[in-house]
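Okay, so here's the structure we're looking at.
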Amino acid sequence: MLLIPCPWCGPRDEAEFHYGGQAHVAYPENPAALSDEEWARYLFFRDNPKGLFAERWSHTAGCRRWFNAVRDTATNEIHAVYRVGEPRPVTA
Amino acid sequence: MTLRTPGADLPDHPDRLWRPAEPKRAYDVVIVGGGGHGLATAYYLAKNHGITNVAVLERGWLAGGNMARNTTIIRSNYLWDESVGIYEHALKLWEGLEEDLGYPLLFSQRGVLNLAHSLQDVRDSVRRVNANRLNGVDAEWLTPEQVKEVCPIVDISPHVRYPVLGGTYQPRAGIAKHDYVAWGFAKAAADLGVDMIEHCEVTGLDVRDGRVTGVQTTRGPIAAKKVALAAAGHSSVVAGYAGVSLPLQSHPLQALVSELLEPVHPTVVMSNAVHVYVSQAHKGELVMGAGIDAANSYRQRGAFHIIERQMSAALELFPVFARAHVLRTWGGVVDVTPDASPIVGLTPVEDLYVNCGWGTGGFKATPGVGWCYAHTVATGEPHPLNAPFSLDRFTTGKLVDEHGAAAVAH
Ligand SMILES: Cc1cc2nc3c(=O)[nH]c(=O)nc-3n(C[C@H](O)[C@H](O)[C@H](O)COP(=O)(O)OP(=O)(O)OC[C@H]3O[C@@H](n4cnc5c(N)ncnc54)[C@H](O)[C@@H]3O)c2cc1C
Ligand SMILES: [Zn+2]
């Protein structure tokens, strides 16, 4: 069970959160111009690193706000949390 | 009444079944990953195609990944024709596998019940039964009373939060002993000349002019005419060594067992709606599982609230379990695709093949995928049964959406 530090509420139990997958995946700027390969990338392909991963969480049973975290998927250690719209922080 | 020692009727643990091999400098085929799929592929490469200059490279010990961790449910009652094609092929192979491998697998066709708890569940389930029958798969729709006949300990009273409104039943489905399955394939493949190389992690793939030529490992470089990936939860990492990206997310999937109990549960029961599934192992443990942990992770452990929820779901269905104790919980890392169907076939790199994305449900496919993947690797052309599961379906849009038949049901 993860202890997730919500940027607004502080550390809370994982069961209070909803997971949102990879962060910083922007909707295509010009959807009509995309090739099938580019659509496939956007719709179905997400990074799946064994290591640092920038991801989205929503504190559904708390403040109900979305935020981003950088977590190491090999250890589950959370290296940083930051607000939506902020750039991914540099983590070791 | 004589007391039965649980497990007394099981075969003893075997002595060494295959010779440990030192890596050679080159092979015709290198298989990355010594789980059930890698081992079955090696066996059918040797047996069906006469290709025996083959190595199975395993970073840990043979079949210590998901093959050692799954809950062994075998069934073929998936919705779409493409899925039934490969899962039913596997089930037919299971039905003759003990004789074929000459090894006991404790394959037990005790049936699988998939319960329905809402009107939508009922409609989806009946639709799936009809689709299964059209595909020649044994499937029945059971009323709550018939569910009770098959499995007397299920609570079908209307007073629970999510009453049982019926269920689908596949009598030919069941369970097998996962370790024995791995050992049976490993022994049979080794007897045909395949090298089983443990503690050998693949750390790189050599690609020259768009063609794979070998692998880098913790035990040195090994040249290969063909490389077949079968790394399950680590598929993204390994394929990444050749610059191939896969539409996979790796998640922990947990399961647990109770202490040994007298036989009380004659079949396998799964419920997508209350989210749990339960069988009773040959030895006597109740074997329970549910869904994946939501967050990506390569750690072979999951969150405790997932266990708590599946236990409360199990109690709702089986009040008789109230005093059973949890003996052990564990997790594996499963590779999940967007359409809950596997990816088996060619890659953009020549002579590099991929088998992955079986997620929460690949144990049942073990002989079937081994058969088809071996054909794909041997001939360089997808076997007709895995052709629909190509990587490029995510570009063409021809997905095989099995979320309904997969979900909690592995
Ligand atoms: C808790 C749980 C319950 C499940 N229940 C069921 C069920 O009831 N029914 C069902 O059909 N399926 C079930 N599954 C899914 C099933 O276990 C998997 O789909 C299936 O085992 C995957 O194929 P495999 O056996 O080859 O995988 P694995 O046994 O995981 O084999 C992959 C192997 O690759 C190795 N590897 C990875 N990276 C490298 C590398 N770089 N170099 C060398 N080797 C490497 C790993 O160590 C591993 O041994 C369950 C899974 C889990 C975790
Ligand atoms: Zn919060």
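None of these values were measured; they are calculated from a predicted model. Here is the naming used below: chain letters follow the sequence lines, and residue numbers restart at 1 for every chain. We use all heavy atoms of the structure for the numbers below, so side chains are in, but hydrogens, waters and symmetry mates are not.
Near-neighbour residues of residues 66-77 of chain A relative to chain B, defined by a heavy atom under 4.5 Å from a heavy atom of that chain, comprise A/Arg71, A/Thr73, A/Ala74, A/Thr75, A/Asn76. Residues of residues 4-13 of chain A lying within less than 4.5 angstrom of chain B, judged on heavy atoms, are absent.
Remark: B/Thr395 OG1 to A/Glu38 CD distance equals 11.0 Å, nearest 0.5 Å. Distance check, rounded to the nearest 0.5 Å: NZ of A/Lys50 to NE2 of B/His234 gives 3.0 Å. Atoms CG and OG1, from A/Asp36 and B/Thr396 in turn, are 8.5 Å apart once rounded to the nearest 0.5 Å.
Surrounding CD of A/Glu29 are at most 12 heavy atoms belonging to other residues, nucleotides or ligands under 6.0 Å away. Within a 6.0 Å sphere centred on OH of B/Tyr162, other residues, nucleotides and ligands contribute 12 heavy atoms or fewer. No more than 12 heavy atoms of other residues, nucleotides or ligands shown are found within 6.0 angstrom of CZ on B/Arg301.
Most heavy-atom pairs under 4.5 Å with chain A, from the set B/Ala303, B/Ser236, B/Ser250, B/Pro247: that is B/Pro247. Looking only at heavy-atom pairs under 4.5 Å with chain A, the residue among B/Ile306, B/Val237, B/Leu248 that has the most is B/Leu248.
Residues A/Phe44 and B/Leu399 approach most closely at CZ-CD1, 3.6 Å, considering heavy atoms. Scanning all heavy atoms of the two residues, the minimum distance from A/Ala40 to B/Phe394 falls at CB-O, 3.2 Å. Taking every heavy atom of both residues into account, B/Tyr298 and A/Asn48 meet most closely at OH-O, 2.6 Å. Listed here is the closest heavy atom pair of B/Asn296 and A/Phe53: ND2-CE2, 3.5 Å.
When atom types are taken as modelled, the side chain of B/Gln249 and the backbone of A/Gly21 share no donor-acceptor pair closer than 3.5 angstrom.
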